[in-house]
Protein chains: 2
Amino acid sequence: MATTLFSLTDTAASDHEASAAVGLAPAFSPLYQQIKVLILKSLQTGEWKPGELIPSEMELAVRFRVSQGTVRKAIDELAAENLVMRRQGKGTFVATHAEQQVQYRFLRLMPNSGDLRSEGPAERQIIDCKRLRAPADIARSLALRAGDAVLQLRRVLAFQGAPTILEDVWLPGGPFKGLTAERLASYRGPMYVLFETEFGVRMVRAEEKIRAVAADAASAELLGVRVGEPLLSVERTAYTYNDLPMELRRGLYCTDKHYYKNELS
Amino acid sequence: MATTLFSLTDTAASDHEASAAVGLAPAFSPLYQQIKVLILKSLQTGEWKPGELIPSEMELAVRFRVSQGTVRKAIDELAAENLVMRRQGKGTFVATHAEQQVQYRFLRLMPNSGDLRSEGPAERQIIDCKRLRAPADIARSLALRAGDAVLQLRRVLAFQGAPTILEDVWLPGGPFKGLTAERLASYRGPMYVLFETEFGVRMVRAEEKIRAVAADAASAELLGVRVGEPLLSVERTAYTYNDLPMELRRGLYCTDKHYYKNELS
DNA sequence: CAGTGGTCTAGACCACACT
DNA sequence: GTGTGGTCTAGACCACTGC
C-alpha cells in the first residue's frame with residue numbers, strides 16, 4: 001500500500017493558491033475523507049466482499065499511516081451510510097442484504113396493521129424474463145446507450161394470498177450476464193442477495209419517484225383489481241458503490257391493505 | 001448547573017450488579033449520551049430558541065465538566081438529527097424551519113422536471129379553519145383524548161396556477177390556542193415557521209403513510225380533477241422534541257405534473 | 001486579532017466476543 | 001487472556017468568521 005496521502009499542512013497553502021489561479025474550488029479533503037475513499041475503493045474492487053470482515057481499525061491505521069482515530073472517523077461515516085456494519089468485540093463487516101433483520105431493505109410497504117414480517121414471506125411469481133435492447137428511457141436511467149442489452153423481468157408479489165405488487169425490473173446486460181428466469185425462480189430469498197453472491201453487484205442506495213396512477217387492463221388482471229383502480233406507482237433506481245445505476249424498477253402497489261411508509265427528519 | 005453526571009468507571013460495575021438483581025437492562029449510557037440528553041432538555045424548555053446560538057463547545061464542556069471532545073460527540077449526533085446546525089467559525093445554532101435552503105423541509109413533492117424552487121412559491125388558499133372536538137382517530141394520532149379541542153384547517157396549494165395539494169391539518173387546541181384563519185392567511189412563509197415563532201412548537205421529525213386513492217366529489221372539485229382520478233394520499237404525523245405528536249396532516253397530491261421523491265439508503 | 005467549529009494525534013480505559 | 005470496537009481525555013493545530 002504505497003498510496004500517498006496529503007496532509008492538510010503539507011498542501012493546503014500551495015493548493016489554495018494553485019486552485020485560485022485556475023479558478024477551481026479548493027479541492028482538499030481532510031485526511032479521514034481520503035481514508036474513506038481508499039476504503040471505498042477496496043469495497044468497490046471487491047477486496048472485501050459483502051458479509052466479510054474488514055481489517056481492524058489498528059491494522060488500517062498502520063496500513064494508511066494515520067492514527068486509529070482518523071480511521072475510526074472514516075469508518076463512522078461509512079457505517080452511517082450503511083456501507084459497513086460495526087460489531088463491538090468482533091470487528092467491522094461489509095454490509096450485505098443477506099442476514100439483515102429487515103428482509104427487504106428498500107421495500108417501504110407496511111400492512112395497515114402490524115409489519116411485513118408478521119405477514120410471512122411474500123409469494124413470488126415470475127411472469128416474464130427476457131433480454132432485449134434498451135429503449136431510450138430505460139437506457140438513460142441505467143446510464144447505458146439506447147440499444148444496449150438489458151434484462152427485463154416482470155413479477156408479482158403476493159402477501160397472504162393477495163397479489164399486491166406488480167413490478168418490472170430492468171438490469172444492465174453486462175454485469176448480469178447469465179441471469180435467467182429459472183435461476184431467479186429457484187432462488188429463495190431477496191433478489192439483492194442473489195445479485196451480491198452471484199454477480200458481485202451490491203445495491204447501496206436508491207431513489208424512488210412515487211405517483212398515483214389508474215390500473216390499466218394488463219395490470220388490473222395481474223393484480224386482481226378493477227381497471228381504473230388507483231395504484232401506487234413506484235419507480236426506483238438503485239445504485240451500486242460509485243453512484244452507478246444498476247437497476248430500474250417500476251412497481252405498481254395495491255394500497256388497500258398496505259401503505260408506503262416514510263420517515264422524514 | 002448542578003446536574004450530576006455518572007461516569008462509566010464510577011458506576012458501571014455496581015450498576016450492572018444492581019440492575020441484574022432487579023432484573024433491569026443495564027440502563028447506563030455513555031457520557032456523551034447523557035450530555036446529549038441535557039442539551040436536548042435545554043432545547044425543549046426553550047432555553048435556546050430556534051435560530052439562536054447555543055453556547056460554544058468549550059463553554060458546554062466547562063458547564064458539564066467533561067472534555068470538549070465529549071460535548072462534540074453529543075452535538076455531532078444532534079446535528080445529524082437536524083436538531084442543531086453547526087457553522088464553522090460562528091458556532092452552533094438551534095435548527096429552524098426558517099432560513100433553510102429548502103423552503104419546505106417535509107414536502108417531498110418535485111415537479112416532473114426541475115425542482116420546487118424553480119416553480120416559485122406555492123399559492124395558498126385557505127378553505128376552512130375551525131375548532132372542534134377531536135374524533136377518536138384524530139385524537140389517537142395526536143395523543144389526545146377523544147373530545148379534546150383540536151383545530152382543523154383545510155387548504156389548497158397551487159403551483160404555477162395548478163391546484164396540486166389539498167390538505168387537512170389537525171392541531172392540538174392547547175399548544176395552538178389563539179391560532180385563527182386570519183392569522184394563517186396573513187402569514188407569508190411556511191406554516192412551521194409560524195408554529196415556531198408564535199407558538200414555540202418546533203416540528204422535528206415526521207412519519208408519512210402513503211396510498212393511492214380515487215378523488216371523491218369534494219376533492220375533485222377543489223383540485224380541478226375528475227371524480228375517480230387517482231390521487232396520492234399522504235398522511236403525515238409530525239412530532240416535536242420528545243416524540244410528542246403535534247400535527248396530523250392528510251394530504252391529497254395530484255401527481256400528473258409532480259411526483260413524490262424519496263431517497264433510500 | 002480572538003473565538004468558533006474541524007481535524008488529527010496519542011494514550012488510557014471500558015464493553016464485548018471468542019477461545 | 002487477547003483482540004475488537006466504544007468512550008473519554010488532553011493537547012495541538014487548521015479553517016473560517018467577525019472585530
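Quick note on labels: first sequence line is chain A, next is B, and so on, each numbered from 1. Quick note: numbers below take in every heavy atom, side chains included, and nothing from hydrogens, waters or symmetry partners.
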Measure up the His97(A) and Tyr192(A) rings against each other and bin them: parallel (under 30°), tilted (30 to 60°), perpendicular (over 60°).
tilted

Write down the distance between CG (Leu31(A)) and C1' (dT9(C)), rounded to a whole number of angstrom.
11 Å

Lys49(B) side-chain N/O to Gly46(B) backbone N/O, donor-acceptor pair under 3.5 Å:
yes

Can you check the Ile35(B) CD1 to dT7(D) P distance for me, whole Å?
14 Å

Starting from C1' on dT9(C), measure out to CD on Gln68(B) and report it in whole angstrom.
14 Å

Once you measure the plane-to-plane angle for Phe176(A) and Phe199(A), does it fall in the parallel (<30°), tilted (30-60°) or perpendicular (>60°) bin?
tilted

Could you tell me which non-hydrogen atom of Leu179(A) sits nearest to which non-hydrogen atom of Leu151(A), and how far apart they are?
O-CD1, 3.7 Å

Residues Arg202(B) and Glu196(B) bridged, charged N to O under 4.0 Å
yes

Please give the nucleotide sitting opposite dT19(C) as a Watson-Crick or G-U wobble pair, both distances under 3.5 Å, or none.
none

Expected output is a numbered-order residue list: members of residues 86-98 of chain A with a heavy atom under 4.0 Å from any atom of DNA chain C. What is it?
Gln88(A), Gly89(A), Lys90(A)

Does a nitrogen or oxygen in the side chain of Lys73(A) sit under 4.0 Å from OP1 or OP2 of dT7(C)?
yes

Using whole Å, report how far CZ of Arg72(A) lies from P of dC8(C).
15 Å

How many Å lie between CG on Leu53(A) and P on dC16(C), as a whole number?
19 Å

So does Thr70(B) get a side-chain nitrogen or oxygen closer than 4.0 Å to the phosphate oxygens (OP1/OP2) of dT9(D)?
yes

Length of the CG-P vector between Asp76(A) and dG6(C), whole Å
15 Å

Is it the case that the side chain of Arg236(B) and the backbone of Phe106(B) share a donor-acceptor pair, with hydrogens and angles ignored and the cut-off at 3.5 Å?
yes

For the pair Gln44(B) (side chain) and Asn242(B) (backbone), establish whether a donor and an acceptor sit closer than 3.5 Å, ignoring hydrogens and angles.
no

Nearest-Å distance, CE (Met58(A)) to C1' (dG6(D))?
15 Å

Using the side-chain heavy atoms of Pro30(A), tell me which of these nucleotides is nearest: dA10(D), dC8(C), dT9(C).
dC8(C)

Quick one: is dA10(C) close enough that its OP1 or OP2 comes under 4.0 Å of any side-chain N or O from Ser67(A)?
no

Atom CG of Leu60(A) and atom P of dT9(C) are separated, to the nearest Å, by 14 Å

